[in-house]
Amino acid sequence: MTIPPDAGRVTMVADSQSYAALAQRVEPDLAFIPVLTPPEGPSTVFPVPATPTPDPRAWQGVVLVTEDAFESVGRVLARGSGRPMRRATLADAVRLSTDVPVTVVGAVGGVTSAMLAALPTDAQLGLFVARDPATASALAARTLLHGPTVAAGSADLTFDTLAEDSGPDRLAGLDVTVAGLRAATQKGIAILAGRAHARNCSMDLMDGLVCGRRDERPMLPVEPVRPDRWAGHPTSCQQSHQCCRYGQEIRGNLRATEILAAFAVLDSCRSAASGDGSVRTDVSIPLTMLAGTALAVVSAVGTRGGSSWAAPLLRGLLRAGLPLGSALAEVNLAIEADPVGMGRLALFGDAGLAPVPGSTPARQVLSAEGAEIPAGPAATLVDGTGLLPVRPGGPVVVSRGDGTTSWALTDAYGRSAGLVVPAPSLLAAAWQDEFRPWVQRMREMPEIGLRIDADRLDALDLAARTAVRQRAEAEHLPAAREAAEAYASARAGLAAEQHDMIEQELTVVARTFYHFTCSWQEPWQVCTADSVEQCPQCGDMTAVLRHITPAAGTGTRMHQLVCSRCGEVFAGAAGFPATARVTAPAEVGCGEQFRLAVEVAAPADRAVAVTVGAAFRRQDLLRCRLDGIASVVLPAGELHTLELTGDSDPTQTIPDLHNIYVLVAVDGAVRCFTRAVWLRAQRR
């Protein structure tokens, strides 16, 4: 074992009994720390100088031991950090970890895939596991001696093979190579935050990979594979001299033990290989790093996607003073709150260790002008959510799981200081719930006899889809505003198309005895309600509701309310997204003006675009007129009343019961209300 001169407090012991006895005497002053000599001989390398004066602020939470073989290691960790130690099960640890950081000390086999999959998103849980007690004892000694000081004595590094912009303390894209990463970490770094593709035993770099193998042996011992399960399958390097990636020789890879990083965040799919994973644990990247110089490793459980800021955010939270377990929970909750985020991270190491002891996150209050985020390695807490920088390259702002505050990153994500402000909302929900159904209903209009401009509709749909994507990809305020304006323009165009459709139908009504409900394609499928309703025109219990599907059941589902006295009362879309009511006089003398009122109420949960129009049937022939059309956007829960004026000729209008057709369109759903007005002869 190679130990720096000031790490002389380490006491090597050869057997577990001596180690257990010395573990009872460990004190928070760290006068000595026992370490078990591994069976294959000393090999552990300690990274940076140990803390001269233990800082009690560096430790939070509790230490839980799950197995007898690791109880002494847990006692060393607990007594050396001044924390309580308990014997408990993993289930107990998970329940407690939602309140305080919990460090679980145990064997690798206890960390199964099922256990990792079932961890709560807000768990502040650290899995202090190793392949054997000797490795765990060395990890405990390194954690106690170096955990509170390594962040102050070393720099950080972020790498991202999926990004393009490299910069200070950041490697991206083609710069993330075996040689580049090896050179950047050769002097030792505090926090390594990396993102790449992965495969349980390895992480892809541009010209190679980070390998989870722990030594240079050409082939590791291969045990027989059970044919009825996946657990413990040997990788290609355990069965031959080559790696599964690129046909490389194993010695050409960057070994995980070569990366001199105290804390590593490996945001790569399935990198949390442990326990009964699909590959043997001797090729696990996190376990191999913990057997080397690392103090803690955060890696992905299953598939991870989106939330490219996850690894830099954890780096920034640690620099802001959070312990490892709390930082882990913050990142997982932020991923869950992110519309494009999926998957979770798990912590291998001490959840209660705060690498920057005594620090608290800086907080910026959001004013009317926004919040100014200073440059620095630590994450900054900001009031408000949905924030973007006003300039390209400004801070990255990540909404927290509480839905009211956010974390802002600068140096950790390769960004500069700057002002952040509230940005226009994401458009996906509005498009999914409003625009898309609206377009679909408009496309179905020809099936029920209404005319639309199909090419114009396709262009508006494409413009809205493009705006939704652009808003989701926007990294600064100008881009977000441009996308929001493009979406609003597409929505306004859709409302205009709806207006034109109703206007064309009113022209048909005014010139003929027919309207669009006469054009439903036969044969129909009709289902008539068993009970009668009150007619909204005459008030008698004489109305029957019919459910009609045109074109032999393949068309749009429609409703029709028919009164035995009045005839058709309304007909049109079955699912109508607003409430409409038409009020008209029952009797008017020929030549007298009258008013018709159309009242439309928007639903309580969203705004709607409404078009209302009315006309007499064949009004040019009958010498009576009621022309009117208007479009309005109704906010959620609001009521709008349109009043139209009708008149007739005192001498040329034939006295009779004349029909008025009132067309109401709401977000592409159309209904026709029929109202009969008795135009009686003038009394002499």
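In this chain, numbering begins with 1 at the start of the sequence shown. Keep in mind that this is a model prediction, so the values were computed, not measured.
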- Task: Verify side chain to side chain donor-acceptor pair (under 3.5 Å) between S166 and D175, making sure each step is shown before the conclusion.
- Result: CA-CA 7 Å; S166 293; D175 294 330; 2.7 Å; yes
- Evaluation steps, side chain to side chain donor-acceptor pair (under 3.5 Å), between S81 and R83: CA-CA 6 Å; S81 60; R83 289 175 290 175; 2.8 Å; yes
- Query: For V178 and G208, which heavy atoms make the closest approach, and how far apart are they?
  - Reply: CG2-CA, 4.0 Å
- Going by heavy atoms in the side chains, are P395 and Y413 under 4.5 Å from each other? no
- Message: Restricting to non-hydrogen atoms, name the atom on L64 and the atom on A88 that form the minimum distance, rounded to 0.1 Å.
- Response: CD1-CB, 4.1 Å
- Heavy-atom closest pair, residues D15 and S18: OD1-N, 2.7 Å
- Query: Step by step, would you call T103 with D350 a side chain to side chain donor-acceptor pair (under 3.5 Å)?
  - Reply: CA-CA 5 Å; T103 302; D350 193 333; 2.6 Å; yes
- Query: Could you state the interatomic distance from CG (L205) to OG1 (T161), rounded to the nearest 0.5 Å?
  - Reply: 7.5 Å
- Query: Can you check whether M203 reaches F159 side chain to side chain, under 4.5 Å on heavy atoms?
  - Reply: yes
- Query: side-chain contact (heavy atoms from CB on, under 4.5 Å) between L125 and L127: does it pass, once the steps are laid out?
  - Reply: CA-CA 7 Å; L125 190 71; L127 304 167; 4.0 Å; yes
- Taking C-beta and beyond as the side chain, do L318 and L324 meet within less than 4.5 Å on heavy atoms? yes
- Message: Strictly distance-based, threshold 3.5 Å: is any side-chain N or O of S271 a donor or acceptor partner for the main-chain N or O of L266?
- Response: yes
- Item | Closest heavy-atom pair and its distance - V65, E67 | CG1-O, 3.3 Å
- Least distance between heavy atoms, T143 atom then W59 atom: O-CH2, 3.5 Å
- Query: Is there a donor-acceptor pair closer than 3.5 Å between any side-chain N or O of R182 and the backbone N or O of E258?
  - Reply: no
- Beyond-backbone contact of N332 with D122, side-chain heavy atoms, under 4.5 angstrom: no
- Would you please say whether a donor-acceptor pair under 3.5 Å links the side chains of S97 and Q124? no
- Item | R344: partners by salt bridge (charged side-chain N to carboxylate O under 4.0 Å, His left out), with sequence neighbours left out | none
- Query: What's the verdict on side chain to side chain donor-acceptor pair (under 3.5 Å) for S307 and D338, showing C-alpha distance, side-chain angles and the deciding distance?
  - Reply: CA-CA 7 Å; S307 307; D338 184 11; 2.7 Å; yes
- Query: Does the salt bridge (Lys or Arg N to Asp or Glu O under 4.0 Å) test come out yes or no for R170 and D411, once each step is laid out?
  - Reply: CA-CA 9 Å; R170 177 178 172 85; D411 293 1; over 6 Å; no
- Message: Restricting to non-hydrogen atoms, name the atom on P34 and the atom on V76 that form the minimum distance, rounded to 0.1 Å.
- Response: CG-CG2, 4.0 Å
- Message: With salt bridge (Lys or Arg N to Asp or Glu O under 4.0 Å) as the criterion, how do R87 and D68 come out once you've worked through the C-alpha distance, each side chain's angles and the decisive distance to 0.1 Å?
- Response: CA-CA 9 Å; R87 285 299 302 267; D68 293 340; 2.7 Å; yes
- Item | Atom CG of L162 with >12 non-hydrogen neighbours under 6.0 angstrom | yes
- Message: Between D156 and F263, is there a side-chain heavy-atom distance shorter than 4.5 Å?
- Response: no
- R9 side chain to T11 main-chain N or O, any donor-acceptor pair under 3.5 Å? no
